[in-house]
Amino acid sequence: MKIYRVTDATPQLIEALARLLPQLSSSATMPSEEHLKNLLSNSNIHLVAAECEGVIAGMLTLAIVDIPTGRKAWIEDVVTDDSFRGRGVGRALVEKAIAAAEEAGARKIYLTSNPSRKAAHALYAKCGFEQYDTGVFRLNISHKE
């Protein structure tokens, strides 16, 4: 298994996103080419991929954020392809993200996870995350075209 930070919008990445995003969320949409290029060129965003058998088997996004209370990191969009689950892909991705956040000087790493994703919760606990007693609030903003 090869774990790496994605730096180019290759055909392999486009294929992987088209396959993995629907497994992540039924409402996830494919990013535009411009959005993907901007994402990959942002030094505070790490798109981390796991490659198995020549295929991107999973990925996650690590966002590094500087705010008045210090540098923090968020792990988002963690997904492992159904056909590669149970092989340690998710753990390898999370461990790579932890190392990158630590190297970037983040003091804390946050993530959220749907309560129904029990396997993901077990993975995060094995990687040292603790459930944090907080309420998560969300506001959906619709953009008029």
Side-chain angles (χ1 to χ4, degrees), residues 1-134 136-141:
M1 182 181 335
K2 178 181 170 188
I3 308 295
Y4 59 95
R5 181 177 182 181
V6 177
T7 56
D8 295 311
T10 63
Q12 182 186 26
L13 175 63
I14 303 301
E15 179 279 325
L17 285 168
R19 180 173 34 84
L20 293 171
L21 287 178
Q23 294 179 55
L24 177 64
S25 167
S26 60
S27 63
T29 58
M30 189 72 178
S32 69
E33 184 177 342
E34 179 183 358
H35 178 74
L36 194 54
K37 286 181 180 178
N38 287 339
L39 178 91
L40 296 175
S41 67
N42 185 331
S43 63
N44 288 326
I45 303 294
H46 299 238
L47 182 61
V48 181
E51 192 173 312
C52 300
E53 302 165 13
V55 173
I56 294 178
M59 62 179 54
L60 63 71
T61 305
L62 174 72
I64 308 295
V65 183
D66 286 310
I67 57 177
T69 56
R71 179 167 274 199
K72 297 179 179 149
W74 283 89
I75 293 176
E76 294 282 344
D77 297 343
V78 181
V79 60
T80 299
D81 189 287
D82 288 335
S83 62
F84 288 94
R85 290 191 181 150
R87 299 190 197 181
V89 172
R91 184 172 189 135
L93 286 166
V94 171
E95 287 174 350
K96 178 73 169 181
I98 291 168
E102 193 171 30
E103 185 177 311
R107 293 178 51 224
K108 296 178 181 177
I109 305 172
Y110 296 89
L111 60 82
T112 60
S113 183
N114 186 305
S116 67
R117 296 185 178 239
K118 301 297 183 199
H121 293 201
L123 164 66
Y124 302 141
K126 286 178 190 171
C127 291
F129 286 83
E130 298 174 351
Q131 192 160 4
Y132 190 61
D133 189 23
T134 184
V136 175
F137 295 81
R138 178 173 80 178
L139 172 65
N140 289 328
I141 301 173

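We're numbering straight along the sequence, starting at 1.
Of the options Gln131, Lys118, His121, a side-chain hydrogen bond (donor to acceptor under 3.5 Å, both in side chains) to Ser113 is made by His121 and by none of the others.
Judged as a salt bridge (Lys or Arg N to Asp or Glu O under 4.0 Å), the pairs with a partner in residues 24-44 (not counting sequence neighbours) are, in order, Glu33-Lys37. Residue pairs meeting the salt bridge (Lys or Arg N to Asp or Glu O under 4.0 Å) criterion with at least one member in residues 54-71, sequence neighbours excluded, are Asp66-Arg71.
For Arg19 against Ile56, the heavy-atom pair with the smallest separation is NH2-O, 2.8 Å. When all heavy atoms of Met30 and Leu21 are compared, the pair lying nearest together is CA-CD1, 4.1 Å. Between Val89 and Ala50, the closest heavy-atom pair is CG1-CB, 3.6 Å.
Rounding to the nearest 0.5 Å places CG of Leu62 at 11.5 Å from CG of Leu93. To the nearest 0.5 Å, the span separating SG on Cys127 from CD on Glu95 amounts to 5.0 Å. Atom OG1 in Thr112 sits 8.5 Å away from atom OH in Tyr124 (nearest 0.5 Å). The CG atom of Leu24 sits 9.5 Å away from the CD atom of Glu76 when rounded to the nearest 0.5 Å.
Side-chain contact between Ile75 and Ile109 is present, with heavy atoms from C-beta onward closer than 4.5 Å. Using a 4.5 Å heavy-atom cutoff, the side chains of Ile45 and Leu39 are in contact. Between Leu47 and Leu13, some side-chain heavy-atom pair lies under the 4.5 Å cut-off. Residues Glu51 and Gln12 meet the side-chain proximity criterion, which asks for heavy atoms closer than 4.5 Å.
Counting non-hydrogen atoms of neighbouring residues, nucleotides and ligands closer than 6.0 angstrom, the CZ atom of Arg107 reaches no more than 12 such neighbours. A 6.0 Å sphere centred on CD of Glu15 holds more than 12 heavy atoms belonging to other residues, nucleotides or ligands.
In this structure Asp8 satisfies the side-chain contact (heavy atoms from CB on, under 4.5 Å) test together with Thr10, sequence neighbours excluded.
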Criterion side-chain contact (heavy atoms from CB on, under 4.5 Å) on Thr61 and Asp77, from CA distance to verdict = CA-CA 6 Å; Thr61 305; Asp77 297 343; 4.2 Å; yes
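Using a 4.0 Å cut-off between a side-chain N of Lys or Arg and a carboxylate O of Asp or Glu, Arg87 and Glu53 qualify as a salt bridge.
A cation-pi arrangement is not found for Lys108 relative to Tyr110, the charged atom failing to lie both closer than 6.0 Å to the ring centre and inside a 45° cone about the ring normal.
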